[in-house]
Every structure is written in structure tokens, then in C-alpha cells.
Amino acid sequence: MSDFTLTLIKLAFLAVLWLFVIAAVGVIRADLFGSKAATKAASRAANRAARAVQQRPPKAAARPPQGAPQGAPQGPPPRGGQRGGGGPSKLVVVQGERTGTVIDLTGVPITIGRANDSTLIVTDDYASSRHARLYAQDGQWIVEDLGSTNGTYLGRTKVTRPMPVPPGVPIRIGKTVIELRK
Amino acid sequence: MHALGEQIRAQIPYQRRNAASLALLVFAMVLTLAAFAEVGLARDGSIPGGLFGYGGGLVVMALIAYAVQLRFAPFADPLLLPLAVALNGIGMAMIYRLDLDTSADHKAAEIAGKKVLKDAADAPGQLIWTFVGIALFVVAIAIMRDTSKPDAKLSFTPKTAQRYTYMIGLGAIIMLLLPIVPGVGAEINGARVWISVGGFSVQPGEFAKLMLVAFFAGYLVNKRQAMSLIGKKIGPLSLPRARDLGPIVVIWLFCLGVLFMQKDLGTALLYFGLFVSMLYIATQRVSWVMIGVGLLALAVFVVTLLPFMQHVNQRIDIWQNPKPYFDGGCLMHNGKVVPVNPNTDIFKQAKVTLEAKAQQQEAAGQKATAMQTRLVGPGWWACTKMGGEYSDSAQLMKGMFALGQGSVLGTGLGQGKPWLTPLSFSDFIFDSMGEELGLTGLMTLLLMYALIVQRGMKTAVAARDPYLKLFAGGVSFVLALQVFVIVGGVTRLIPLTGLTTPFLSQGGSSLMANWILIAILVRMSHDARKPAPQAIQDEGMTQIVSLR
């Protein structure tokens with residue numbers, strides 16, 4: 001084999017090596033920002049949900065939130081509500097043991113506490129096992145204290161009854177502080 | 001059961017990425033086959049026969065591994081398996097290539113009756129160990145069940161290890177100490193880190209690494225709050241209580257012990273770095289890192305002062321100034337290096353003396369003793385007579401020459417002479433890669449390691465259980481540190497210490513341990529990324545959820 005061919009083969013192999021690494025990074029990139037296909041599928045689903053909402057108003061919206069603390073609305077509320085309405089899209093832990101944790105708000109209620117089955121588990125001596133709950137209603141997120149020992153604070157006010165949570169206002173649970181963000 | 005809380009998962013986009021995983025896996029196989037093809041084309045101008053044996057074997061194993069991952073861990077991270085396969089494949093191509101060159105020399109040397117190095121590049125062996133490694137991966141994925149079902153019968157998850165924290169810690173220490181036990185342990189190439197089991201030599205340290213991670217994770221999960229909150233504050237440092245500091249001191253002393261008994265600086269560094277990093281992950285206190293680094297510095301300082309730990313001094317000396325040691329150098333107690341390479345008079349005299357001694361013994365009828373006398377290196381013998389410490393930097397320097405030969409683009413696979421470096425197939429495989437792939441190729445190898453570590457850390461971030469978080473973080477860090485120690489060593493960034501290059505180096509223990517490591521990460525990433533169980537009916541106090 002001529003030297004020239006061998007050089008070409010060598011360069012081709014190096015190129016394949018780099019392409020492999022670039023492809024791997026591409027997969028991560030899709031993980032971070034979502035692949036095109038996934039984004040399309042999500043927007044399609046959101047449109048469908050929005051249409052469904054227009055046809056049939058959800059039951060959950062009609063019920064008063066004080067009704068039942070545990071058995072409250074579990075059916076996923078309209079996905080379109082939080083996407084189209086510009087409401088908060090994620091919950092961020094800004095202080096405490098789990099700082100940096102981000103949970104996507106998809107419409108399902110979020111429970112916070114020390115119990116293992118909580119959505120956000122806080123390992124904190126000042127938190128109760130079932131401390132608080134966040135749920136969506138009419139495109140708004142509501143925080144509700146579940147009878148915790150040390151209380152839940154929205155901004156500086158103690159949460160005594162379900163209160164709507166504006167984006168960016170800190171919710172304090174024991175030593176953990178969470179925020180809703182757009 | 002896990003009903004309400006599991007409904008939403010932290011941030012991770014939990015769609016399956018199996019198509020991406022398969023595509024990358026196929027790419028990794030193409031990479032391996034291309035490497036084999038390049039070796040053949042460069043050497044004989046045709047596709048080599050090894051392509052079908054070695055490349056084909058790896059492809060079949062990788063596809064089986066993929067199928068098992070698809071079945072038992074469908075939400076697993078898409079990158080881990082393809083990256084491991086790619087590294088393993090490229091490593092095997094390099095070993096195959098070295099084997100082609102050295103096996104011929106070997107046979108010629110054997111026929112000529114010359115002294116042969118005990119171990120050499122062994123491509124068939126590496127293929128068998130790859131089989132075993134991937135088989136272990138498959139078995140581990142299949143038997144480790146979802147961590148959300150710890151109560152199921154015969155379930156074994158990464159979390160099961162938490163129940164046996166101290167047993168595992170004890171096991172790790174026993175594994176580490178086994179090579180020192182006479183009868184079981186074996187010394188190969190100057191390091192006593194091997195045990196021989198039924199004809200095979202196994203490096204228990206590779207497995208002890210994983211067990212130590214499990215032990216540290218279990219220990220720190222319980223102690224981290226006390227460690228991070230209680231203690232005196234002195235300036236910017238918060239000094240912990242003695243009872244919390246105790247374990248780290250014990251581990252520190254233990255690592256020193258390993259270093260001392262096995263003359264294995266790299267392993268000691270690896271374990272200590274692992275413990276410090278896991279402390280940091282658990283407590284989030286920089287003071288622990290400072291205490292750890294301070295203790296390490298103290299240890300190195302103390303060791304260099306001890307007269308019977310001269311070889312550590314020598315390692316550092318060789319690192320700073322390898323030239324006088326080329327082909328043999330003798331470090332005297334006054335700190336001077338006397339060269340004893342084959343061109344020096346000392347060496348020649350020693351050779352003559354040794355030969356005379358051997359002949360005398362032969363004449364006296366002691367054939368076995370004479371044989372042994374002939375095997376003694378004249379350089380080493382002369383140096384010991386002078387009361388110095390003998391060492392040879394030829395390996396390190398030849399490795400550096402190989403890197404220089406490769407320069408930016410490399411010579412191309414099959415076109416360099418990487419086998420000139422001793423141990424070019426194991427400790428120095430990174431330099432061999434550097435010669436034939438050049439800096440351009442080395443960068444991709446390092447990036448592949450970086451990606452594996454990044455995916456591991458990502459798994460740790462996504463894990464919900466603090467134990468699994470620490471486990472995944474520790475496992476990824478130990479891989480990163482190992483790559484740093486060995487690659488830094490062979491490129492003369494830090495003093496050279498013998499560790500295996502994960503997935504690239506020839507060696508069964510290393511391959512097996514690293515494949516298990518990948519299996520653990522795959523299982524944990526599946527658990528972290530899988531979607532939460534969905535409620536089947538809409539409301540009510542009691543929820544029925546599907547856990548599948």
C-alpha cells in the first residue's frame with residue numbers, strides 16, 4: 001500500500017474517532033435541550049390537551065381545594081395551562097440539603113416531606129414526614145400545609161390555608177427553601 | 001408503597017433513548033472494526049483475519065449486552081454501554097496489533113534460548129477476558145433489580161449493599177491484604193498486588209475499589225450530618241469532632257499501610273482520593289477536602305523521610321529527572337544518581353563477576369542456583385552492593401519517545417513501533433495509543449472517559465436516594481481518578497505509579513471490575529431516569545398505581 005493511501009486511512013480513522021465522540025455529545029445535547037422529535041411530540045400532546053380542555057372543563061377545577069388534604073385532585077390538570085399561560089414550569093430548591101434539585105411542573109401535585117414517597121424528599125429535622133403539598137388549579141400553583149409541626153412559610157407569611165404561589169416567591173420548609181420558576 | 005411521590009421525577013427527560021444507544025453502539029463497533037482493518041491494511045495490505053475473530057466476537061457480545069440492557073434497564077443512560085464498548089474495542093485492536101509484533105519476536109527469542117519477559121501482549125487472552133467482562137455486565141444487569149422494589153423476593157439492588165456496609169468494608173480490606181498473604185499472593189513486575197487462583201493471577205485491588213465505594217457510601221450516609229454540622233470553627237476551616245475525624249485517620253493510616261506493604265503508591269493514592277471526594281460529596285464542606293489534601297501531603301513528606309521507603313523518593317526523583325536512570329540508575333544515600341546502564345564499567349564488571357559466580361556454582365553441581373544467579377540483573381546487583389536503590393527509567397522515557405514519535409496525528413495504527421516500550425500493552429498502553437493515534441486520537445480517548453464520568457455524575461445528581469447518590473458519585477470519581485493517575489503517570493505529569501488504564505489495558509481483573517462498574521451505573525441510571533408510576537384511576541384516598 002502506498003504511503004498516501006495509508007495516510008488517508010489514518011486520517012479517516014481519526015475522523016471516525018472524533019465523529020464518535022461528537023455523536024455521543026450530540027446524544028447528551030438532546031438529553032439537555034430535548035431532541036427535535038421529542039419537542040414536536042410534546043407540543044403535539046400539549047395542543048391535544050388544550051383542545052380537550054376546551055371541550056370539557058376539568059372536574060378538578062370545580063372542586064374547592066380545602067376538600068380533602070390527601071385525596072385531592074390527582075388527575076393531571078391541563079398541560080396546556082402551564083405551557084400556554086406562561087405559568088411557572090419548574091420547581092427549584094434554592095437552599096437546604098437538596099439545593100439545585102429541579103422538578104418539572106407537569107400538573108401532577110407535588111408532595112414535600114421526609115417520607116420516602118414524597119416527590120421532594122427533604123432530609124431535615126425540622127420537616128414533617130408529610131409536610132406540604134403543591135398542586136395546580138386554574139393555571140395557578142397552590143401551596144397547602146399538611147398539618148406540619150413547624151409550619152410552611154410562603155415569603156414571610158405562614159401558610160395556614162391553601163395559598164396561590166407566585167413565581168419567584170420562596171417557600172420555606174424547615175431548612176429547605178424552594179421557588180417556582182418560569 | 002411509592003404512590004404519590006413517585007409521580008414526578010426530578011427534571012430528567014425520562015424518555016427512552018434506546019435508539020440513540022443502539023446507533024452509538026453500532027458506531028462503536030464500526031470504530032473497533034475500522035481499527036482492526038487499519039492494522040491489517042497497514043501491515044499486510046489486506047483485511048486481517050483477526051477482524052472476524054476479535055472484532056466479530058466483540059460485536060456479538062456487545063449486541064447481547066445491548067439486548068439485556070433493553071430488556072432489564074430500558075431507561076438506562078444511552079451513552080455508558082457504547083462508550084465502554086468503544087474503549088474496550090480500541091484497546092483490543094491495539095493489543096492485537098502489539099501481539100502481532102511481539103509474538104514473533106517472542107518465539108524467535110524462545111528458540112534462541114534467550115531470557116523472555118514473562119508477560120506479553122496477548123490478544124486471544126484479552127478477547128476471553130472481554131467475554132468474561134461483558135458476561136459479568138449482562139449477569140449484573142439481569143440480577144440487579146429495580147431499586148424501587150427492595151422487598152421483592154431474591155431482589156438484589158445496588159441498595160442491598162447498604163445493609164451490609166461494614167461487611168463490605170471488611171471484605172474490601174481482606175481483598176487488599178490478600179496479596180501480602182504468603183502462599184496466596186504473588187509478586188509480578190515488582191508489585192505485590194496479585195493473588196494466584198488456580199493458575200490465574202487476579203488483582204483483588206480492582207474489586208476492592210468497588211467494595212470500598214460501597215462501604216464509604218454506606219458509612220457516610222449515616223455520618224454526613226454530624227460531619228458537616230458539628231465542629232469547632234478555626235478561621236475558614238471548620239474542624240470536625242475527633243470521633244468524626246477518627247475514620248478518616250484510620251483510612252489514611254490504612255492507605256499508608258498498603259503503600260508500605262505493597263509498594264503500590266498508585267492504589268494508595270486512588271483510595272485516599274476516593275475517600276476525600278466522597279466526604280466532599282456527602283458533607284459539601286471544603287474543609288474536608290483541605291484536611292484530606294493536607295494529610296496526603298503530610299504522608300508523602302513523612303514517607304520521603306523514611307530511609308526504608310527510599311523507592312518512593314526514587315519515584316519522585318525519576319519523575320523530575322529521568323535521564324540518569326535510563327537503562328538503569330542507582331540512587332545513593334547522598335542523593336546522587338550513579339548510572340549503571342550496560343555501557344558503564346560498573347555494569348560490565350558486575351556482569352563478569354556474576355557470570356563467574358554462576359560458573360562456580362555450576363561446577364559445584366548447583367545447577368538451580370546457577371540459573372538463578374544468571375537471572376539477576378547486573379545493574380541491580382551492582383547497585384545493591386554499593387548500598388543504593390536501583391531503578392530504571394527506560395520504560396518511562398521510551399513511553400515519552402513514543403508520544404513524541406506520534407506527535408499530533410500519530411503514525412497510524414500498525415505503522416509505529418509502540419512495542420519497544422516495556423509493558424506497552426498494559427501500563428503504557430496510553431503511550432502506545434499516543435504513538436499510533438497521536439494527540440488527536442488521545443484527545444478522543446480522554447473525552448470518552450470524561451463522558452463516562454459525566455454520565456455517572458449525572459446519574460448521581462438524578463438519583464433520589466442519598467446512598468445511591470454517593471455510590472454513583474464515588475464510582476464515577478474513582479474511574480476519573482484512576483485515569484488521571486495512570487495517564488498523568490505515563491505522560492510524566494505526576495510520578496509514575498502502576499495502575500491499569502480502564503478498558504484499554506490488557507488484564508482480566510481490570511476488565512471485569514470495570515464492566516461491573518458500568519453495570520452498576522447502568523442500573524442506577526435506569527432507576528433515576530425511569531418515569532414515575534402513573535395512577536390508574538383518577539382520585540380517591542387509595543391510589544392504584546402500576547409499578548411497571
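Just so we're clear, the structure is a prediction, and the values are computed from it rather than from any experiment. Just so it is clear, the values below take in all heavy atoms, side chains as well, and ignore hydrogens, waters and symmetry mates.
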If we check side-chain contact (heavy atoms from CB on, under 4.5 Å) with B:Thr444, which of these qualifies: A:Val21, A:Ile22, A:Leu19?
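It is A:Val21, the one option of A:Val21, A:Ile22, A:Leu19 that forms the side-chain contact (heavy atoms from CB on, under 4.5 Å) with B:Thr444.
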
Contacting region of [X] [heavy-atom separation from chain A under 4.5 Å]:
X        : answer
B:Ala37  : neither
B:Ala23  : neither
B:Gln454 : side chain
B:Leu445 : neither
B:Leu79  : side chain

At what distance, to the nearest 0.5 angstrom, does CG of A:Leu6 lie from CG of B:Leu413?
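Rounded to the nearest 0.5 Å, the CG-CG separation comes to 11.5 Å.
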
Would you call [X] and [Y] a side-chain contact if the rule is heavy atoms closer than 4.5 Å?
X        : Y        : value
A:Lys10  : B:Thr411 : no
A:Phe20  : B:Val30  : no
A:Leu17  : B:Met448 : yes
B:Lys458 : A:Ile28  : no

Minimum heavy-atom distance B:Leu31-A:Phe13, with the two atoms named:
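Scanning both residues, the minimum pair turns out to be O-CE1, 3.5 Å.
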
Shortest non-hydrogen contact between B:Arg17 and A:Val27, atoms and distance:
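Heavy atoms only, the tightest pair is NH1-O, 3.6 Å.
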
Flag yes if more than 12 heavy atoms outside B:Met457 fall under 6.0 Å of its CE atom; otherwise flag no.
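For B:Met457, atom CE is crowded (more than 12 foreign heavy atoms under 6.0 Å).
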
Does OH in A:Tyr126 sit with more than 12 non-hydrogen atoms of other residues, nucleotides or ligands closer than 6.0 Å?
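Result for OH/A:Tyr126: open.
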
At a 4.5 Å cut-off on heavy atoms, which part of A:Leu14 comes close to chain B: side chain, backbone, both, or neither?
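Looking at A:Leu14, just its side chain touches chain B.
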
A:Leu91, part contacting chain B, at a heavy-atom distance under 4.5 Å
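It is neither, since no heavy atom gets under 4.5 Å.
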
List the steps and the verdict of side chain to side chain contact (heavy atoms under 4.5 Å, CB included) for B:Leu447 and A:Val25.
CA-CA 10 Å; B:Leu447 277 173; A:Val25 172; over 6 Å; no

Just so I understand: if I count every heavy-atom pair under 4.5 Å between each of B:Leu83, B:Leu451, B:Ile90, B:Leu409 and chain A, which residue has the most?
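The candidate making the most pairs under 4.5 Å is B:Leu409.
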
